[in-house]
Each structure stands twice: as C-alpha cells, then as structure tokens.
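The first residue in the sequence is number 1, and the count goes up from there.
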Amino acid sequence: KAFDGDVPSKQVLVPLQFFVKHAQTLLESGKDFGVWLDSDEGPEELAPFVGQLKLIAVNFPVFGDGRGYSYARLLRERYDFKGELRAIGDVLHDQLFFMKRCGFDAYALREDKDPEAALAGLRDFSETYQAGCDEPKPLFRRRA
C-alpha cells in the first residue's frame, strides 16, 4: 500500500528512507513519531530535521557493530539533536555505560535481558577520564 499521508495516532518509528521521502507530510501531521536510523545509514540526511524530531532510534544489528556510537556523537555534537536518542536492536548490559557517554538517553533492551541488571550497567564506573556527551570536560579539566 502506498503512503497516503495518514500517520497512525500511536507512536511509531519510521525508517530513515521513508522519513526522507515523506518528511514534510510526517512533520506536518502533528503525530508522535520517531525516525529509525539503521547501522548502514549515516545521520547526515537527518541534519536538516533534527530540530523538529523528538526521537531518533539508532539500530545496533549485532553486538560488534559500533557505528551507532559514532552516529550518536554526531547527532548530539555536530547536529545538536536535543530529543530522545534511543539505542535499539542488539543492546546489551555491557554497552549501556558507553552508549550513555555517546549521547544515548533511552535503551530498548533485547527481550531476553533483565532491565534491572542493565540499568546497573549505567553505574559501572564512578569516574571517566575522557570527555563525552554526558561530561564535556576531561578529568584533568574538572580537577582544575
């Protein structure tokens, strides 16, 4: 079925290419939707729209695919995205702390993972040395 401009009333994620093709209609709909960015799609196409989007979901198709970390940093630091940045796909406890450092603030865990144990992963380290999206100053600048 071709897209007729009718956006569901419930919250939905639309793939990047669908969004780019129908951006004006989707943005003017006033409906709550987010854009799904797959690991083989860079965030550059979203740059003109980041101020209008409330949610961008970055897909991690497998544990070892780290492109989503770079996409998160680009969306937060280069494109100044202020909305919800959600990690989806193969999201595991071991990744959450580093995802947070890169700018993610929401996580859709795999169904076979314990959410309470995963949340504890956000507190794996009490201090960080490097600058990140969650702390823009490196440790040596914070001590001064």
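In this structure the side chain of M99 reaches within 4.5 angstrom of the side chain of Y69, judged on heavy atoms. No side-chain heavy atom of E135 sits less than 4.5 Å from a side-chain heavy atom of Q130. Here the side chains of L96 and L119 are not in contact, with every heavy-atom distance at 4.5 Å or above.
A distance of 10.0 Å separates CD of E28 from CG of L26, quoted to the nearest 0.5 Å. In this structure, SG on C102 lies 11.0 Å from CD on Q95, to the nearest 0.5 angstrom. Atoms CG and OH, from L46 and Y79 in turn, are 9.0 Å apart once rounded to the nearest 0.5 Å. The CG atom of L92 lies 5.5 Å from the NZ atom of K113; values are rounded to the nearest 0.5 Å. We find the CG-CZ distance between D90 and F60 to be 10.0 Å, quoted to the nearest 0.5 Å.
The two residues D38 and Y71 have their closest heavy-atom pair at O-CE1, 3.8 Å. Scanning both residues, V14 and F18, for their nearest heavy atoms gives CB-CD2, 3.9 Å. Nearest heavy-atom pair, A57 versus I88, reported as atom, atom and distance to 0.1 Å: CB-CD1, 3.9 Å. Of all non-hydrogen atoms in G132 and E77, the two that sit nearest each other are C-OE2, 4.4 Å. Looking at every heavy atom in both residues, G42 comes nearest to L37 through O-CD1, 3.6 Å. Of all heavy-atom pairs spanning H93 and A118, the tightest one is CD2-CA, 3.6 Å.
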**Asked** Does the side chain to side chain contact (heavy atoms under 4.5 Å, CB included) test come out yes or no for L85 and F104, once each step is laid out?
**Response** CA-CA 5 Å; L85 189 55; F104 287 100; 3.7 Å; yes

**Request:** Starting from the C-alpha separation in whole Å, work towards a yes-or-no answer on side chain to side chain contact (heavy atoms under 4.5 Å, CB included) for K100 and Y107.
**Result:** CA-CA 9 Å; K100 180 177 179 272; Y107 315 91; 3.3 Å; yes

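No donor-acceptor pair closer than 3.5 Å links the side chain of R86 to the backbone N or O of L55.
No more than 12 heavy-atom neighbours from other residues, nucleotides or ligands sit within 6.0 angstrom of CZ on R78.
Using a 30° and 60° split on the angle between ring planes, F19 and F33 fall in the tilted class, from 30° to 60°.
Among pairs with a residue in residues 40-51, none fulfils salt bridge (charged side-chain N to carboxylate O under 4.0 Å, His left out), at least two apart in sequence or across chains.
A salt bridge links D105 with R76: at least one charged nitrogen is closer than 4.0 Å to a carboxylate oxygen.
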